[in-house]
Amino acid sequence: MTRPRTSAAPTSRRRLLAVAAASLVAVLGASSCSASGDGAKEAGAGKGAATRTVTDIAGEVEVPAEPKRIVSVDFYSPATLVDLGVKPVGVVEGFDSDDPDLRPKRYHDALKGTPTIGMYYELNIEAVAQQNPDMIFAETRFLRKGELKRLQGIAPVVQLDAAGVGAWKERTLMIGAAIGKSAEVRKQAAVFEKRADELKKKYADVLADNRIAVFAYGQDKTTWGTYPAGHFYVPVWDAVGAQFRPYTEGEHKGQEGAVSEWLSLEQIGKLDNADILLYAYGAKDFVDGTLADNTVWKNLPAVKNGMVFRNIPASVVSSFEWGTESLDALDGVLAQIDAKARS
């Protein structure tokens with residue numbers, strides 16, 4: 001099946017998404033128009049199967065009107081597919097893990113027996129072909145040279161990316177539209193937005209009065225780094241309007257939405273411009289052990305004020321239903337923060 005393109009503008013491999021929603025209404029409208037199933041037409045490939053033209057981050061692509069064998073070579077699309085009642089026939093490695101910090105358990109349960117096609121950054125193209133897909137989802141910034149063309153030789157490829165505050169929503173809507181389930185995904189989006197608005201109002205004061213830093217440790221627990229607004233690790237914090245501490249000199253990589261430079265523990269004093277410190281769900285030992293005797297850490301304002309909290313698990317939200325569950329977990333974290341701020 002051929003892949004016509006109306007836009008040749010490439011996306012950078014460092015998550016610069018060309019389309020970002022000005023509001024959820026605009027996102028939903030754009031998505032439903034760009035990938036509506038109402039315009040299905042007969043394919044010209046000689047197979048007689050109905051196709052639709054959908055829009056991804058690179059332009060237009062013809063896909064099956066009712067795809068039956070979807071392979072996901074990215075981290076994100078499997079969760080959205082599961083939420084929409086579709087089970088992919090191939091996924092990247094890792095879905096056999098029940099680590100609660102990777103994804104909610106129900107996605108593990110739904111996909112643990114699915115054939116794998118390598119890592120999202122190191123694909124096994126032959127394994128993809130063996131699944132005989134009729135559609136492929138790919139986050140192209142992670143593909144190696146020549147892999148996109150090879151995938152397109154197997155099946156139509158819907159190219160995904162997400163960078164910037166709220167851009168993951170555009171990606172999720174795009175996935176739903178590509179498989180002809182725009183109405184369903186819009187309903188899930190509405191539930192997410194309603195819950196986010198509830199938390200914005202419930203914790204308006206603490207969110208307005210404090211700057212947060214979401215941080216994690218690097219290799220061997222000898223370095224640390226923080227995640228800015230728009231990073232894939234903090235989408236629910238973005239959704240409730242949290243204010244992030246600005247990067248200090250030497251932290252910024254010069255790429256919008258990128259994690260900071262990984263800095264030595266001697267430089268952890270840079271976190272003194274955060275009112276609230278949130279450590280990664282899996283970093284409790286790092287905070288309670290590695291940092292416990294670090295004098296600079298102990299003298300940070302947030303530490304001295306008792307404003308250090310554990311972030312939610314599975315924070316790399318990959319679908320609206322996942323996001324709604326994450327907002328429920330965030331409610332608990334914000335309740336702790338609010339109680340401490342009022343004490």
Q.
Quick check: Y121 with F142 (ring centres under 6.0 Å apart)?
A. no
Q) Just checking, any donor-acceptor pair under 3.5 angstrom between side chains of D74 and S77? A) yes
(Q) Cation-pi check for Y281 against R310: NZ or CZ below 6.0 Å from the six-membered ring centre and within 45 degrees of the axis, yes or no? (A) yes
(Q) Strictly below 4.0 Å, N to O, side chains only: are R150 and E126 in salt-bridge contact? (A) yes
Q: Report yes or no: do K270 and T248 form a side-chain donor-acceptor pair below 3.5 Å?
A: yes
(Q) I'd like to know whether L207 forms a side-chain contact (heavy atoms from CB on, under 4.5 Å) with I212, so could you lay out the CA-CA distance, the side-chain angles of the two residues, the decisive distance to 0.1 Å, and finally the verdict. (A) CA-CA 9 Å; L207 289 169; I212 70 170; over 6 Å; no
Q. With a 4.5 Å limit on heavy-atom distance, are the side chains of V317 and F232 in contact?
A. no
Q: Output yes when R171 and D56 qualify as a salt bridge under the 4.0 Å nitrogen-oxygen rule, no when they do not.
A: no
Q: Could you walk me through whether L151 and V128 pass the side-chain contact (heavy atoms from CB on, under 4.5 Å) test, one step at a time?
A: CA-CA 8 Å; L151 290 172; V128 175; 4.0 Å; yes
Q.
Can you give me the closest heavy-atom contact between V214 and F244, atom names plus distance?
A. CG2-CE2, 4.3 Å
Q. Taking all non-hydrogen atoms of both residues, which atom of V240 and which atom of A196 are closest, and how far apart?
A. CG1-O, 4.2 Å
Q) Okay, side chain of N294, backbone of V296: is any donor-acceptor separation there less than 3.5 Å? A) yes
Q | Sidechain N-carboxylate O distance under 4.0 Å for K201, D197 | A | no
Q | Pair S72, Y120: side-chain N/O donor-acceptor within cut-off below 3.5 Å | A | no
Q. Between E321 and K187, is there a salt bridge with N-O shorter than 4.0 Å?
A. no
Q | NZ (K87) with more than 12 external heavy atoms under 6.0 Å | A | yes
Q.
If the condition is salt bridge (Lys or Arg N to Asp or Glu O under 4.0 Å), which residues does K284 pass it with, not counting sequence neighbours?
A. D288
Q: Can you measure from OH (Y217) to CD1 (I268) and round to the nearest 0.5 angstrom?
A: 13.5 Å
Q) Taking NZ, NE, NH1 and NH2 as the nitrogens, is one of them in R106 or E325 under 4.0 Å from a carboxylate oxygen of the other? A) yes
Q | Check: M119 main-chain N/O paired with E122 side-chain donor or acceptor under 3.5 Å | A | no
Q) Could you give the distance from CD (E66) to CG (D134), rounded to the nearest 0.5 Å? A) 10.5 Å
Q) Among D285, L265, L291, which residue meets the side chain to side chain contact (heavy atoms under 4.5 Å, CB included) test with K221? A) D285
Show which side-chain atoms of residues 326-337 pair as donor or acceptor with protein atoms under 3.5 Å away, not counting sequence neighbours.
residue : atom : partner : partner atom : Å
S326    : OG   : W322    : O            : 3.2
D328    : OD1  : R195    : NE           : 2.7
D328    : OD1  : R195    : NH2          : 3.3
D331    : OD1  : K202    : NZ           : 3.1
D331    : OD1  : Y203    : OH           : 2.5
D331    : OD2  : R195    : NH2          : 3.0
D331    : OD2  : K202    : NZ           : 3.4

Q. Side-chain donor-acceptor pair under 3.5 Å between R103 and S318, yes or no?
A. no
Q: Dump the intermediate steps for side-chain contact (heavy atoms from CB on, under 4.5 Å) on Q219 and W262, then the final yes or no.
A: CA-CA 9 Å; Q219 190 174 13; W262 293 98; over 6 Å; no
Q. If we ignore angles and hydrogens, is there a donor and acceptor under 3.5 Å between the side chains of D238 and W168?
A. no
Q. Between the side chain of R245 and the main-chain N/O of P228, is any donor-acceptor distance below 3.5 Å?
A. no
**Q.** Modelled atom types, side-chain donor and acceptor of R69 and N132, under 3.5 Å
**A.** no
Q: Please determine if E139 and R141 form a salt bridge, counting it only when a charged side-chain N lies under 4.0 Å from a carboxylate O.
A: yes
Q | P156 versus V61, closest heavy-atom pair with distance | A | CB-CG2, 4.1 Å
Q) Is it true that E193 and R186 make a salt bridge, defined as a side-chain N closer than 4.0 Å to a carboxylate O? A) no
Q: Run the numbers on T226 and Y247 for side-chain contact (heavy atoms from CB on, under 4.5 Å), then give the verdict.
A: CA-CA 9 Å; T226 61; Y247 280 157; 3.2 Å; yes
